[in-house]
Amino acid sequence: MISRTVRVAAGTVAALACLTACSGGGSNGTTPSSSAPAPSQAAGSGPKVPSPLPTDAILNDPCSVLSSDEATTVGLASPGKKDTGQLGGCTWTSTRSEQNAISIRALPQNKGGISDIYDQKAKDAYFQPATIDGYPGAFADVQDGRPSGTCTLWVGVTDQLAVAVIPAIGVGDNKNDPCGLAQKFATVMVGHLKGAA
């Protein structure tokens, strides 16, 4: 049922909140002040973004990062539903089953972008670098939900902002490869943002 997807997504959001607290975001989720740690995070271990993508849509209207046609290409109903929780974001439900969904979350609190994800990899249950349409990314999470249909893919859209793409698949073929679905979604999203640049 859809409640299972919500539970899985909630667990991942909790992990994201932990990442925010552990990697330079303020302990209460606020943007950190310009104190000494910020410069070292900006010069972190992750690869650099080749050209910054526009972030207004991601931060202010995250459901607009896919057009209706683009959502259809990855099997999602459009429009997505904007999430109003602590981290915001958007969730799209599968056109085939309400047990399947994909969410995106941005972490503007993490000023080092994808480097913050690389810098935390020792604490992750899994970590695998990726490239999404020329942009740096990583499959990484503090919890390994891949056997149950959940995978977190981070994409660096600027050197200061990473976006998490999180499928939560309850049924169907994609349950065995949620990371592949995350990569497919992220590729379409990056292409959309390139077109908006």
Side-chain angles (χ1 to χ4, degrees), residues 8-9 11-55 57-59 62 65 86-89 102-147 150-168 177-194 197:
V8 171
T12 302
V13 169
L16 297 183
C18 174
L19 176 66
T20 302
C22 298
S23 62
S27 60
N28 61 359
T30 58
T31 303
S33 63
S34 56
S35 58
S40 64
Q41 290 172 349
S45 60
K48 299 302 178 190
V49 167
S51 177
L53 293 170
T55 59
I58 295 168
L59 297 173
V65 300
Q86 177 185 2
L87 297 177
I102 298 180
S103 299
I104 63 166
R105 303 281 184 272
L107 292 183
Q109 301 91 336
N110 289 13
K111 300 302 182 185
I114 199 70
S115 284
D116 284 349
I117 308 308
Y118 272 70
D119 292 346
Q120 294 293 313
K121 65 184 177 182
K123 298 178 182 180
D124 288 331
Y126 63 94
F127 180 90
Q128 179 182 345
T131 301
I132 308 300
D133 198 9
Y135 282 74
F139 295 98
D141 203 330
V142 295
Q143 301 172 354
D144 192 353
R146 294 174 296 177
T150 301
C151 177
T152 302
L153 169 60
W154 297 90
V155 182
V157 293
T158 73
D159 286 332
Q160 295 77 39
L161 183 66
V163 177
V165 175
I166 312 161
D177 186 21
C179 293
L181 183 61
Q183 184 157 2
K184 183 177 180 182
F185 179 101
T187 300
V188 175
M189 178 186 74
V190 168
H192 179 94
L193 293 171
K194 281 182 175 180

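Judged purely by distance below 3.5 Å, without hydrogens or angles, the side chains of Asp133 and Thr187 never pair a donor atom with an acceptor atom.
To the nearest 0.5 angstrom, Asp144 atom CG is 9.5 Å from Thr152 atom OG1. The structure places CE of Met189 at 8.5 Å from CD1 of Ile132, a figure rounded to the nearest 0.5 Å. Expressed to the nearest 0.5 Å, how far CG of Leu153 lies from NZ of Lys184 amounts to 14.5 Å. From Thr158, atom OG1 reaches atom OH of Tyr135 across 10.0 Å, with rounding to the nearest 0.5 Å. Put simply, OG on Ser45 and CG on Asp119 are 3.5 Å apart, with the number rounded to the nearest 0.5 Å. Remark: Phe139 CZ to Asp124 CG distance equals 13.5 Å, nearest 0.5 Å.
Shown here for Pro136 and Pro50, the closest heavy-atom pair between the two residues is CD-CD, 4.0 Å. For Val49 against Gly156, the heavy-atom pair with the smallest separation is CG2-O, 3.5 Å. The two residues Phe127 and Lys121 make their nearest non-hydrogen contact at CD1-CB, 3.4 Å. Closest heavy-atom contact between Gly137 and Tyr118: O-OH, 3.6 Å. When every heavy atom of Val155 is checked against every heavy atom of Ala186, the shortest pair comes out as CG2-CB, 3.9 Å.
Within the 4.5 Å cutoff, no side-chain heavy atoms of Asp116 are placed close to those of Trp154. Side-chain contact check for Pro167 versus Cys179: every heavy-atom pair is 4.5 Å or farther apart. Looking only at side-chain heavy atoms (C-beta outward), Asp141 and Thr150 stay at 4.5 Å or farther from each other. By the 4.5 Å heavy-atom criterion applied to side chains, Leu161 and Leu59 are counted as neighbours.
Without hydrogens or angle criteria, Asp159 side chain to Lys48 main chain gives no donor-acceptor distance under 3.5 Å. The backbone N or O of Val163 lies less than 3.5 Å from no partner atom in the side chain of Arg105, so there is not a single donor-acceptor pair.
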